Amino acid sequence: MRVVVALGGNALQRRGEAMTAQNQRANVQVAAKQLAAVTRLGHNLVMCHGNGPQVGLLGLQNDAYARHVDEKVTPYPLDVLGAQTEGMIGYMIEQELGNELPFEVPLATILTQTEVDAADPAFQNPTKFVGPVYSKEEADQLAAEHGWTVKADGDYFRRVVPSPRPKRIFEMRPIKWMIEKGAVVIAAGGGGIPTLYQGDKLVGVEAVIDKDLASALLAREVEADYFVIATDVKTVFVGWGTPEAKAIKRVHPDEMDKLGFAAGSMGPKVEAACEFARLTGKRAVIGALEDIEAIVKGEAGTVISTEVNGIEWY
């Protein structure tokens, strides 16, 4: 079975945790142990990952250099920072997965460019969280200094940037070649490097593509049998954070559409899973990274499928 797993950026750099390379590697090691189980079950693993915390941190480092070291050096744009995170995170995942799997299992990170539409309304309404969390006072001050847009993310505040929909992944042919050779492929990191056409020239653009929607596109293109969105909650909940919270076990995508989820958090995950289920007739699952083995066996998470009638609860 070919399984595409989309791993959240916050699983690699946990919310409120110091954004150090050591912490990120420790989190990757935990993720690698779980993801290796998918391969040991005999499945063909294709991986995507988020990069919100990482790309935000690189942006802060860029800005600090320009402000305090050499003002003639302009900060690098988000597309270039996205490319840097694909290499950084892909390197760590490759290394730690390689430490868990037999030496004979090949691994490859594909630097991935994703096309977006210049007319996408997301450019007028930034929703993608990037970088570390702040108190409201810190966020307001940074927004004033840098011209950022900031929004609430749970109990904290974070910078938000445009998150246009992915139209096309340009490296699909080499990705498929690698998969056909039995490699564990890491692709579309952070949703892919955001690009668009200006006339007949492909150029980068200031945005961060949602990794769940890009992962769903990748899963369809590689004809995945199973699409897993690994996050930090065990299931999708209705009424999350309230005494009436209910966990969804299995659901038809049409029923999921009626429930409504926040645009900056669970919303894109639900949208991506529903889109995959509708367009392929196959199953998508949203669940916790630590349950990945049980999820692939069909024993955990929220299953979204056109084969389900209505909605079933845990």
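Nothing here was measured: the structure is a model prediction, and the numbers come from that model.
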May I ask you to test the T195-D79 pair for a side-chain heavy-atom distance under 4.5 Å? no
For residues Y134 and V150, determine if any side-chain heavy atom of one lies less than 4.5 Å from a side-chain heavy atom of the other. no
Is there any ring-ring contact (aromatic ring centres under 6.0 Å, His included) pair reaching into residues 194-244, and which pairs are they, with sequence neighbours excluded? F227-F276, F237-W240
Might you work through the side-chain contact (heavy atoms from CB on, under 4.5 Å) test for H43 and L45, ending with a clear yes or no? CA-CA 6 Å; H43 302 309; L45 174 64; over 6 Å; no
When rounded to the nearest 0.5 angstrom, what is the spacing between CG in L111 and CD in E86? 5.0 Å
What pairs of residues pass the salt bridge (Lys or Arg N to Asp or Glu O under 4.0 Å) test when at least one of them lies in residues 198-218, not counting sequence neighbours? D212-K269
Counting only heavy atoms not in K151, do more than 12 sit closer than 6.0 Å to its NZ atom? yes
Just by modelled atom types, is the L279 backbone N or O under 3.5 Å from a matching donor or acceptor in the R220 side chain? no
Strictly distance-based, threshold 3.5 Å: is any side-chain N or O of D117 a donor or acceptor partner for the main-chain N or O of K167? no
Using salt bridge (Lys or Arg N to Asp or Glu O under 4.0 Å), reason through K136 and D140 one step at a time and then give a plain yes or no. CA-CA 6 Å; K136 187 172 191 315; D140 289 342; 2.9 Å; yes
Do the side chains of E293 and K297 get close enough for a salt bridge, i.e. N-O under 4.0 angstrom? yes
Pick one: which of V130, T149, V55 meets side chain to side chain contact (heavy atoms under 4.5 Å, CB included) with V161? V130
So which heavy atom on I110 is nearest to which on T112, and how close? O-OG1, 2.7 Å
Report the C-alpha distance between R40 and E100 in whole Å, list the side-chain angles of each, state the deciding distance to 0.1 Å, and finish with yes or no for salt bridge (Lys or Arg N to Asp or Glu O under 4.0 Å). CA-CA 10 Å; R40 292 195 193 100; E100 295 292 329; 3.7 Å; yes
